Amino acid sequence: MTSVLPSGSPLCGAGHVLVIGVDGVRFDLLGPASTPSVWGLGRAGFLAPVPVDETTPTWSGPCWATIATGTGVPGHGVTGNDLTGHRLADHPDFVTLATRAGLPTLLAVSGWPPLALPEDGGPLFAEASTREFTAVPEASLAWDTAGEAGLGAWDTADEAITGRATAILAGEAPWVSFVYLGAVDFAGHATGAGSAYRTAARAADQRVGRLLAAVRSRPSYERENWTTVVVTDHGHLDEGGHGGREPEVTTAWAAGAGPGIRPGTQPPITRQDEIAPLVLAAAGWRGG
Ligand SMILES: [Zn+2]
């Protein structure tokens, strides 16, 4: 299917964009053996550390808000994982902007409610033409008590959202998509940055590979000018957890490839607030 832009759209339609957000993956975990899908995307385009800036608490809420809106905490007003009091109406996320421009969009979120649902001050992503959410049981949202059952529940939720998103990407192909996987961050909180965390990161990388393959195997892929981005929000301490300014926590990262990204050159992103502008430019955004 070749997408046709609605007339009068502020997006002139440079191409499709898929952003995969994988929560809480340390930069030093990435490698050709440990995360081959992310590594391969880096080889095709770029893979770079993206530090969390000094005004941003290293919590999921503020980091994802900066990634999604292209403005920092002084703009969007999200300072923690309860988003209440945010100013996202003044600084909409890239999925919402594309949706308002009349484009088909996909928001597919695993596990963490405020990204996609009206809970804890959410949703961070306000508008999407297709919205998918796979829940984990309430008990599995509690890092310190969920234990093995939590690891299984988050893995199941990530697997389910990957299945739904790959089917949608292979079929109707939304113009701008955001897919979120949360199991790695849960594993870090629950067990520290050890073997369970690495296992979760390997599973997430395999899911990233399936999502990218769903796009690349589209019959019309060559004509659709896809830009694909994988991004994390923050790292983790060795013992698990984040929120401070330790290098293993503040060193987030992004990888991406697409028609506007030349491999082997300077990464197009060095800050979290540069991701949304890159996404919108790839989709053909002219402002508005
Ligand atoms: Zn996070």
Side-chain angles (χ1 to χ4, degrees), residues 19-30 35 38 49-53 55-69 72-73 76 78-83 86 88 93 107-117 119-125 133-136 140-144 146 150-151 153-155 157-158 161 178-193 196-198 200-201 203-205 207-208 229-255 271-273 275-276:
V19 181
I20 306 167
V22 189
D23 203 303
V25 182
R26 279 169 60 143
F27 182 65
D28 62 5
L29 200 80
L30 303 180
T35 57
V38 169
V50 179
V52 180
D53 79 64
T55 67
T56 303
T58 54
W59 297 108
S60 301
C63 292
W64 286 119
T66 297
I67 291 165
T69 66
V73 171
H76 58 65
V78 176
T79 57
N81 287 347
D82 188 322
L83 315 186
H86 67 71
L88 294 167
D93 64 276
L107 176 69
V109 171
S110 166
W112 193 41
L115 288 179
L117 304 179
E119 296 181 25
D120 298 327
L124 196 158
F125 291 88
F133 181 77
T134 56
V136 296
S140 294
L141 290 169
W143 305 318
D144 44 350
L151 290 172
W154 276 91
D155 185 63
D158 275 14
I161 207 68
F178 180 73
V179 181
Y180 171 87
L181 304 176
V184 183
D185 184 63
F186 176 86
H189 283 290
T191 69
Y197 179 75
R198 289 193 298 273
D205 186 77
R207 289 169 181 139
V208 166
V229 175
V230 185
V231 58
T232 199
D233 53 343
H234 53 72
H236 260 276
L237 298 169
D238 288 347
E239 64 270 31
H242 49 88
R245 294 297 306 174
E246 302 86 354
E248 63 273 35
V249 168
T250 61
T251 308
W253 53 267
R271 298 168 49 91
Q272 290 187 311
D273 62 9
I275 291 171

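Numbering of ligands and ligand atoms starts at 1, following listing order. Note that the structure is predicted; figures quoted are calculated from it, not measured.
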Quiz item: Salt-bridged, R198 to D205, with N to O below 4.0 Å?
Solution: no

Of all the N, O or S atoms in [X], which has the shortest distance to the Zn ion (ligand 1)?
| X | result |
| --- | --- |
| D233 | OD2 |
| D23 | OD1 |
| H234 | NE2 |

### Task
Please state whether the separation between the Zn ion (ligand 1) and some N/O/S atom of T232 is under 2.8 Å?
no

Sorted by chain and number, sequence neighbours left out, salt bridge (charged side-chain N to carboxylate O under 4.0 Å, His left out) with D155 holds for R207

Heavy atoms of V22 and A204 approach each other most closely as CG1-CB, 3.8 Å

- Task: Can you establish whether the number of heavy atoms outside R271 located under 6.0 Å from its atom CZ is more than 12?
- Result: no

